[in-house]
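Comments concern the structure below.
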Amino acid sequence: MKLDELKALVLDALDALKGNDIEVLNVAQLTDMADIMIVVSGTSSRHVKALANNVVTEVKAQGILPVGVEGEEEGAWVLVDLGDILIHIMLPETRDFYAIEKLWGVDAESKMNEE
């Protein structure tokens, strides 16, 4: 599956369960670890877990196995690693505290345009 198709699949899975404040960041120039980072907020730990589970379920249905999933037990921050795409699903207070977008030094010009 092409990167844009995988990104669309992930965004659809997050949108289907009403993920909040979805940000798509192009980090290809900043790291070899991934090309895209998606940051999204859930309204509760249950919602965060459900968002992560939906992403994993949808990509597995397309024959893609996640490299890893971390943080499911606590539900404050779940990381889903799809190789070229990293998805950070967080409670709003966790997202504010860690400020992933600022940590990576990604400004508005580096954000990928969603169409």
What is the distance from atom [atom1] of [X] to atom [atom2] of [Y], rounded to the nearest 0.5 Å?
{"X": "Lys7", "Y": "Lys2", "atom1": "NZ", "atom2": "NZ", "result": "14.0 Å"}
{"X": "Glu74", "Y": "Thr94", "atom1": "CD", "atom2": "OG1", "result": "10.5 Å"}
{"X": "Met90", "Y": "Asp96", "atom1": "CE", "atom2": "CG", "result": "10.0 Å"}
{"X": "Asp81", "Y": "Met33", "atom1": "CG", "atom2": "CE", "result": "8.5 Å"}
{"X": "Lys60", "Y": "Leu65", "atom1": "NZ", "atom2": "CG", "result": "6.5 Å"}
{"X": "Leu51", "Y": "Thr43", "atom1": "CG", "atom2": "OG1", "result": "8.0 Å"}

Taking ring-ring contact (aromatic ring centres under 6.0 Å, His included) as the test, write out the residues that go with Tyr98, two or more places apart.
->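 So Tyr98 forms a ring-ring contact (aromatic ring centres under 6.0 Å, His included) with Trp77.
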Given the rule in the side chain to side chain contact (heavy atoms under 4.5 Å, CB included) test, do Leu14 and Ile38 qualify, once you have shown the distances and angles that lead to the verdict?
-> CA-CA 10 Å; Leu14 294 170; Ile38 298 174; 3.8 Å; yes
Is Glu73 salt-bridged to Lys49, going by a charged N under 4.0 Å from an acidic O?
->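 A salt bridge is absent here (no side-chain N lies under 4.0 Å from a carboxylate O).
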Check the pair His88 / Glu23 against side chain to side chain contact (heavy atoms under 4.5 Å, CB included), numbers first and verdict last.
-> CA-CA 10 Å; His88 295 273; Glu23 294 284 348; over 6 Å; no
Verify the neighbour count for atom CD of Glu5: are there more than 12 heavy atoms of other residues, nucleotides or ligands below 6.0 Å?
->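 Enclosed.
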Has Asp32 got more than 12 heavy atoms of other residues, nucleotides or ligands less than 6.0 Å from its CG?
->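 No - once you tally the heavy atoms of other residues, nucleotides and ligands closer than 6.0 Å, there are 12 at most.
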Closest heavy-atom contact between [X] and [Y]?
{"X": "Pro66", "Y": "Val59", "result": "CG-CG2, 4.2 Å"}
{"X": "Asn54", "Y": "Ala16", "result": "ND2-CB, 4.1 Å"}
{"X": "Gly42", "Y": "Pro92", "result": "O-CD, 3.1 Å"}
{"X": "Asp84", "Y": "Ala34", "result": "O-CB, 3.6 Å"}
{"X": "Leu91", "Y": "Gly75", "result": "CG-O, 4.0 Å"}

Do [X] and [Y] have side-chain heavy atoms sitting under 4.5 Å apart?
{"X": "Ile87", "Y": "Leu79", "result": "no"}
{"X": "Asp12", "Y": "Glu58", "result": "no"}
{"X": "Val80", "Y": "Leu82", "result": "yes"}
{"X": "Glu101", "Y": "Leu25", "result": "yes"}
{"X": "Val27", "Y": "Asp35", "result": "no"}
{"X": "Leu6", "Y": "Ile64", "result": "yes"}

State yes or no: do Val67 and Leu3 share one hydrophobic cluster built from I, L, V, M, F, W and Y residues joined by side-chain heavy-atom distances below 4.5 Å, directly or via other members?
->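 Different clusters.
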Test log, rule side chain to side chain contact (heavy atoms under 4.5 Å, CB included), inputs Asn26 and Ile36 = CA-CA 5 Å; Asn26 181 350; Ile36 296 172; 5.7 Å; no
Verdict with supporting geometry, Ile100 and Met37, side chain to side chain contact (heavy atoms under 4.5 Å, CB included) = CA-CA 10 Å; Ile100 293 292; Met37 188 175 298; 3.6 Å; yes
